[in-house]
Amino acid sequence: MHLYSNALGTFVLNQNFQIREKELGKDSKDKFLKKFKNIKVIDENDIDSLRKALVLMREYKSDLIKKNTEIVKEDIKNSVKDDLFIVQTINTIDDLNKVINMLTKRLREWYSYYFPEASEFIPDNELFLKYVHMKKKDAMKEFGIKKSMGPDKEQSFVEPMQSLAKEIKSLYKQREEKEIYLGTLMDRICPNVKAIAGTLIGAKLLSIAGSLRKLMLFPASTVQLLGAEEALFKHIKTGARCPKYGVLFAHQLVQKADKDRRGRAARVIADKISLASKVDFFKGEFIGDKLLKEVEKKLAN
Amino acid sequence: MRKIFPNIYIDNRGKLYTPNLVPGVTVYEERLKKFDGIELRQWDERRSKLAAAIMKRVSQIGLRDNDYVLYLGASTGTTVSHVSDIVGPDGLVFALEFAPRVLRDLVFMAEKRKNIAPILADANQPNTFYNKLCLVDFVFQDIAQRNQSEIFLKNCAMFLKEDGFGMLSVKSRSIDISKKPSQIYSEVRQELEKEMLIVDYKMLDPIQKDHCIFVCKKR
């Protein structure tokens with residue numbers, strides 16, 4: 001006799017693989033094992049018997065659909081881990097940056113018909129917004145110019161630009177909030193990665209990897225090149241020069257290094273990030289400061 | 001409009017259609033068309049390797065009414081919805097996918113159709129999901145993994161009935177990007193021939209770049 005249990009329930013089969021007894025909806029394996037002597041449990045190692053049992057399951061179509069839908073919903077629920085929220089937050093920050101840049105560019109273009117000197121003298125975007133709200137006369141005094149190339153217009157022409165500037169300002173605030181939130185999230189989920197890579201670069205790495213688990217499984221050499229996939233595949237495919245860094249290029253220590261030593265810097269940092277992500281994934285102690293010191297020491301000589 | 005395979009239609013412009021299992025409802029904003037009293041759903045060959053294979057005039061697909069299907073690499077369920085159309089209300093599709101994010105979309109689609117059983121599992125490890133399946137008549141695999149032919153054979157050995165058909169979509173780029181696609185296809189072919197009978201194969205260029213589809217029959 002054979003015992004087969006699956007998501008639907010437990011089945012006792014006779015020698016000819018016909019159902020002798022069954023219990024749906026619960027795991028009655030132990031009960032049947034006690035009740036019947038000389039019974040063999042079917043598992044994945046005995047494919048022939050398993051296939052014979054699987055034939056019988058064809059009769060349970062609607063149960064299979066119902067049960068699998070139930071299980072999959074629970075599986076999807078359990079698959080949502082906190083590190084996914086890091087990924088969403090960093091992607092939001094990226095999107096906000098894009099939107100802010102786009103709108104500011106438009107505003108500069110628009111405002112320049114009215115007061116071109118403001119855009120010319122203030123290259124900083126966030127500061128520029130302040131000048132949109134200022135009276136033209138005051139701003140001209142500040143710039144030390146007497147005449148403007150732009151025509152004077154009544155307030156109704158300026159107001160729409162000012163309200164747009166206000167919206168952009170609030171987007172800056174939104175971005176700041178999200179960065180703070182991202183920092184606290186990372187302190188909780190991956191403090192070691194944060195300590196070495198920094199909040200934004202660490203989150204970016206996580207976002208490309210997809211999750212902390214995946215980042216943890218990457219070797220350091222992969223971490224080093226995350227964000228440089230296009231260059232990497234070009235290298236493999238056509239033999240172009242291989243990339244030395246991806247997202248890590250923006251890291252302070254890489255930026256600080258001499259130009260011909262940046263690859264080395266990226267390699268050393270990636271090494272420690274890879275280590276840190278493993279510590280974080282298995283909820284180890286905080287060793288980020290120690291690792292960062294090691295990196296700095298290595299790069300100093 | 002004419003029928004080329006069971007429940008698969010082609011119109012004069014060369015577009016493919018399957019009968020809509022849930023009339024009036026679309027899955028990915030595809031076109032609906034009335035023909036002979038039934039509602040047909042257009043099947044976009046650029047979004048589905050199975051449709052692309054049919055467009056390339058594959059000689060047989062081995063998929064029929066009332067079939068039970070194991071679909072490996074279901075993704076959001078674009079092709080799965082058409083397979084569900086083809087097998088009809090008495091058929092069954094096990095839609096297996098490893099990524100929870102895309103499976104979420106599939107679950108919403110599956111609940112409307114009543115012949116799809118979604119499963120979250122890694123196709124590479126049949127021993128983690130064999131307790132959720134039954135024996136099937138047809139196995140379709142579309143996953144971008146390096147050992148995709150090995151995964152296919154493993155699943156066919158366990159779940160495909162004798163004389164059942166299997167279809168494998170090979171993405172040469174995910175096996176080895178530095179090798180020529182044709183070389184990879186012949187390697188896959190050799191591997192498949194050890195355990196299956198190859199009925200037909202078609203390269204899917206230019207509809208799907210660097211893809212090849214194999215239709216096999218279990219010996």
Side-chain angles (χ1 to χ4, degrees), chain A residues 3-11 17 27 29 41-81 84 87-88 210-211 213-214 229-230 232-239, chain B residues 66-68 70 74 84 87 89-111 113-121 125-137 154-162 164 173-174 176-180 218:
Chain A
L3 184 76
Y4 174 65
S5 62
N6 66 5
L8 299 180
T10 312
F11 301 83
F17 287 92
D27 187 12
K29 214 169 157 182
V41 180
I42 296 175
D43 59 16
E44 74 269 22
N45 297 321
D46 183 5
I47 287 190
D48 280 338
S49 310
L50 178 61
R51 284 174 61 92
K52 279 173 191 156
L54 286 171
V55 174
L56 299 170
M57 295 307 119
R58 286 176 66 100
E59 302 300 318
Y60 296 89
K61 182 194 151 186
S62 57
D63 294 302
L64 281 169
I65 293 176
K66 215 173 115 196
K67 193 73 202 173
N68 273 317
T69 310
E70 223 169 82
I71 295 172
V72 91
K73 282 184 173 172
E74 198 58 32
D75 285 350
I76 290 175
K77 197 181 197 174
N78 295 333
S79 74
V80 180
K81 300 269 154 56
L84 295 177
V87 174
Q88 288 302 325
S211 68
R213 189 189 139 78
K214 282 185 191 155
E229 285 79 9
E230 202 181 323
L232 174 68
F233 286 115
K234 206 173 192 179
H235 162 66
I236 298 173
K237 221 175 176 177
T238 68
Chain B
N66 309 339
D67 267 358
Y68 284 16
L70 172 58
S84 136
V87 298
D90 292 329
L92 171 59
V93 185
F94 292 103
L96 197 111
E97 171 59 46
F98 188 43
R101 170 65 191 87
V102 287
L103 194 60
R104 208 167 69 201
D105 294 341
L106 188 139
V107 171
F108 286 120
M109 187 269 289
E111 284 195 314
R113 300 194 146 247
K114 304 198 165 54
N115 67 352
I116 300 174
I119 297 171
L120 181 76
Q125 297 170 334
N127 54 330
T128 59
F129 58 87
Y130 71 88
N131 57 354
K132 296 174 183 172
L133 295 185
C134 63
L135 209 71
V136 297
D137 309 297
K154 243 192 305 197
N155 281 287
C156 284
M158 207 178 253
F159 303 115
L160 185 61
K161 70 165 187 188
E162 300 289 317
R173 268 187 253 173
S174 53
D176 193 334
I177 194 164
S178 63
K179 278 189 198 159
K180 275 212 176 105
K218 189 160 178 163

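Numbered from 1 within each chain, the chains take letters A, B, ... in sequence-line order. Treat the numbers as computed from the prediction; the structure is a model and nothing was measured.
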Exercise for review: Please flag which part of Lys73(A) lies under 4.5 Å from any non-hydrogen atom of chain B: side chain, backbone, both or neither.
Suggested key: side chain

Review point. So what's closer than 4.5 Å to chain A heavy atoms on Phe94(B): side chain, backbone, both or neither?
Key: side chain

Exercise for review: Could you grab the distance from atom NZ of Lys132(B) to atom CD1 of Ile71(A), nearest 0.5 Å is fine?
Suggested key: 5.0 Å

Check your understanding: Between Leu50(A), Asn45(A), Ile236(A), which has the largest tally of heavy atom pairs under 4.5 Å with chain B?
Key -> Leu50(A)

**Study point:** Residue among Leu8(A), Val55(A), Asp48(A), Ile65(A) with most heavy-atom pairs under 4.5 Å to chain B
**Key:** Ile65(A)

Exercise for review: Enter the distance from Thr69(A):OG1 to Glu111(B):CD here, rounded to the nearest 0.5 Å.
Suggested key: 6.5 Å

Review point. When heavy-atom pairs shorter than 4.5 Å are enumerated against chain A, which of Ala157(B), Pro126(B), Ala110(B) gives the highest number?
Key: Ala157(B)

Review point. Taking all atoms of both residues into account, what is the closest heavy-atom pair of Leu54(A) and Leu133(B), and its distance?
Key: CD2-O, 3.3 Å

Study note, to complete from the structure: Rounding to 0.5 Å, atoms SG (Cys134(B)) and CG (Asp63(A)) come to a distance of 11.5 Å

Study note, to complete from the structure: Cut-off 4.5 Å, heavy atoms of chain A, and the answer for Val93(B) is neither

Review point. Relative to chain B, which of Glu44(A), Arg51(A), Lys237(A) shows the most heavy atom pairs under 4.5 Å?
Key: Arg51(A)

Exercise for review: Taking Arg58(A) for its side chain and Tyr68(B) for its backbone only, find out whether a donor-acceptor pair lies under 3.5 Å.
Suggested key: no

**Study point:** More than 12 heavy atoms of other groups within 6.0 Å of Lys61(A) NZ
**Key:** yes

Review point. Distance from Asn68(A) atom CG to Ile119(B) atom CD1, nearest 0.5 Å?
Key: 4.5 Å

Exercise for review: Select one option (side chain, backbone, both, neither) describing which atoms of Ser5(A) are under 4.5 Å from chain B's heavy atoms.
Suggested key: backbone

Exercise for review: Compare all side-chain heavy atoms of Leu103(B) with those of Val72(A) and state whether any distance is below 4.5 angstrom.
Suggested key: yes

Study note, to complete from the structure: Applying a strict 4.5 Å limit to non-hydrogen atoms, the region of Asp43(A) in contact with chain B is both

Practice item. Please look at Asp176(B) and chain A and tell me whether the side chain, the backbone, both or neither of the residue comes under 4.5 angstrom of a heavy atom of that chain. Key: neither

Check your understanding: Atom CG in Asn115(B), atom OG in Ser62(A): separation rounded to 0.5 Å?
Key -> 12.0 Å

Review point. Sub-3.5 Å donor-acceptor pair from the side chain of Arg104(B) to the main-chain atoms of Ile76(A), do we have one?
Key: no

**Study point:** Distance, nearest 0.5 Å, that separates NZ of Lys154(B) from CD1 of Ile47(A)
**Key:** 10.5 Å

Practice item. Give, as side chain, backbone, both or neither, the part of Tyr4(A) having an atom under 4.5 angstrom from any heavy atom of chain B. Key: side chain

**Study point:** Stepwise side-chain contact (heavy atoms from CB on, under 4.5 Å) test for Met57(A) and Leu135(B)
**Key:** CA-CA 7 Å; Met57(A) 295 307 119; Leu135(B) 209 71; over 6 Å; no

Review point. Of the backbone (N, CA, C, O) and the side chain (C-beta and beyond), which part of Glu162(B) lies under 4.5 Å from a heavy atom of chain A, both, or neither?
Key: both

**Study point:** Neighbour count >12 (heavy atoms, 6.0 Å) for atom CZ, Phe98(B)
**Key:** no

